[in-house]
Amino acid sequence: MDIKDFIYGERFTNEDFALFSEAELSEMVVLSEEEASRIWYDYCDNEKLPLSSFAAKTGLDKLPPITNDCGWGDESEENKTKALLAAALSNANDGKVVVCYYSTDALRASAKLFCEKWSDFCYPSDYLIIDFGERALLYYEDRLFYLDKIGGQ
């Protein structure tokens with residue numbers, strides 16, 4: 001699937017939003033529903049739950065926080081979040097991350113691009129799983145947490 005056909009593709013390709021360059025767009029790969037589901041369920045219960053129910057069930061208060069406020073909309077605070085993300089993702093698998101918007105919608109991008117434009121990746125949803133190999137990050141309503149795979153794998 002082409003990024004322009006992705007559920008949130010307009011966020012990356014429309015000049016009314018965060019227009020990404022052709023080079024940046026070429027770094028982004030839309031995953032198949034099957035691959036997105038496999039990654040999503042590595043971190044989520046195998047029961048399909050509404051996002052709000054899942055977040056409540058996750059027990060956010062028990063997850064290690066990276067930041068309780070990403071500072072979306074404040075350039076100085078967004079830059080702090082960018083630095084926190086760069087540190088957290090410094091050992092990303094092959095320098096890549098997978099951004100899961102839901103159990104069937106995900107894309108792969110370079111960790112560098114994700115860190116540089118994190119707010120553009122996170123804006124379409126209040127709930128994301130950012131997989132970077134052995135662990136993931138959970139973005140939930142402008143907060144970031146570390147998220148381990150189900151069963152501690």
Side-chain angles (χ1 to χ4, degrees), residues 3 6-9 11-12 17-21 23-46 49 51-153:
I3 190 68
F6 183 58
I7 187 170
Y8 297 118
R11 292 286 316 151
F12 309 114
F17 298 108
L19 186 61
F20 282 46
S21 70
E24 291 168 332
L25 291 172
S26 72
E27 290 185 41
M28 299 163 62
V29 176
V30 178
L31 302 185
S32 69
E33 286 186 19
E34 295 78 22
E35 192 173 2
S37 291
R38 182 187 53 76
I39 293 167
W40 178 272
Y41 289 119
D42 278 349
Y43 297 99
C44 301
D45 290 332
N46 289 322
L49 298 169
L51 299 182
S52 58
S53 297
F54 176 79
K57 190 173 182 178
T58 302
L60 295 177
D61 58 324
K62 295 179 182 143
L63 295 176
I66 293 176
T67 181
N68 282 317
D69 185 354
C70 292
W72 195 88
D74 177 324
E75 187 175 350
S76 173
E77 293 300 312
E78 283 190 20
N79 285 335
K80 288 179 187 175
T81 298
K82 187 186 303 183
L84 290 169
L85 283 167
L89 300 175
S90 64
N91 294 323
N93 259 359
D94 301 323
K96 305 282 185 193
V97 297
V98 173
V99 182
C100 295
Y101 292 91
Y102 195 61
S103 64
T104 56
D105 303 306
L107 58 87
R108 180 176 291 112
S110 72
K112 181 181 178 190
L113 178 62
F114 178 80
C115 291
E116 277 297 312
K117 302 214 175 198
W118 72 267
S119 61
D120 297 318
F121 280 97
C122 295
Y123 180 80
S125 176
D126 281 339
Y127 187 87
L128 301 173
I129 294 173
I130 302 111
D131 178 76
F132 60 101
E134 295 180 22
R135 280 187 111 179
L137 302 177
L138 173 67
Y139 174 85
Y140 182 70
E141 294 184 347
D142 209 31
R143 298 183 292 167
L144 277 168
F145 304 90
Y146 281 107
L147 184 63
D148 291 317
K149 291 185 178 187
I150 297 289
Q153 300 171 336

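It should be emphasised that the depicted structure is a prediction, and the values quoted were computed from it without experimental measurement.
Glu78 places a side-chain heavy atom less than 4.5 Å from the side chain of Trp118. Here the side chains of Phe132 and Phe114 are not in contact, with every heavy-atom distance at 4.5 Å or above. Under the 4.5 Å side-chain criterion, counting only non-hydrogen atoms from C-beta, Ile130 is not in contact with Leu85. Contact check for Tyr101 versus Phe121: side-chain heavy atoms found under the 4.5 Å cut-off. Contact annotation: the side chain of Asp42 never approaches that of Asp131 to less than 4.5 Å [non-hydrogen atoms, C-beta and beyond]. In this structure, the side chains of Asp120 and Phe17 stay at 4.5 Å or more apart for every pair of heavy atoms. Looking at heavy atoms from C-beta onward, Leu144 lies in side-chain contact with Thr81 at the 4.5 angstrom threshold. Under the 4.5 Å side-chain criterion, counting only non-hydrogen atoms from C-beta, Phe145 is not in contact with Ile66.
Cys122 SG to Tyr127 OH: the interatomic distance, rounded to the nearest 0.5 Å, is 13.0 Å. A distance of 8.0 Å separates CD in Glu77 from OG1 in Thr67, rounded to the nearest 0.5 Å.
Partners of Asp69 according to the side-chain contact (heavy atoms from CB on, under 4.5 Å) rule, which considers only residues two or more places apart in sequence or in another chain, are Asp142. With sequence neighbours excluded, no residue forms a salt bridge (Lys or Arg N to Asp or Glu O under 4.0 Å) with Glu141. Residues passing the ring pair (Phe, Tyr, Trp, His ring centres under 6.0 Å) test with Tyr123, sequence neighbours excluded: Trp72. Scanning for side-chain contact (heavy atoms from CB on, under 4.5 Å) contacts around Glu35 gives Leu31, Ser32, Arg38, Ile39, Arg108, with sequence neighbours left out. In this view, Glu24 and Phe20, Ser21, Leu113, Lys117 satisfy the side-chain contact (heavy atoms from CB on, under 4.5 Å) rule, not counting sequence neighbours.
Listed here is the closest heavy atom pair of Met28 and Ile3: CE-CD1, 3.7 Å. Nearest heavy-atom pair across Asn68 and Pro65 is OD1-CB, 4.1 Å. Shown here for Ala106 and Ala36, the closest heavy-atom pair between the two residues is CB-CB, 3.7 Å.
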Check: residues 89-96 side-chain donor-acceptor pairs under 3.5 Å, at least two apart:
{"from": "Ser90", "atom 1": "OG", "to": "Ala87", "atom 2": "O", "distance (Å)": "3.1"}

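Looking only at distances, a side-chain donor or acceptor of Ser37 sits under 3.5 Å from a matching main-chain atom of Ser103.
For the side-chain contact (heavy atoms from CB on, under 4.5 Å) criterion with Trp40, the lone passing option out of Asp105, Ile129, Thr104 is Ile129.
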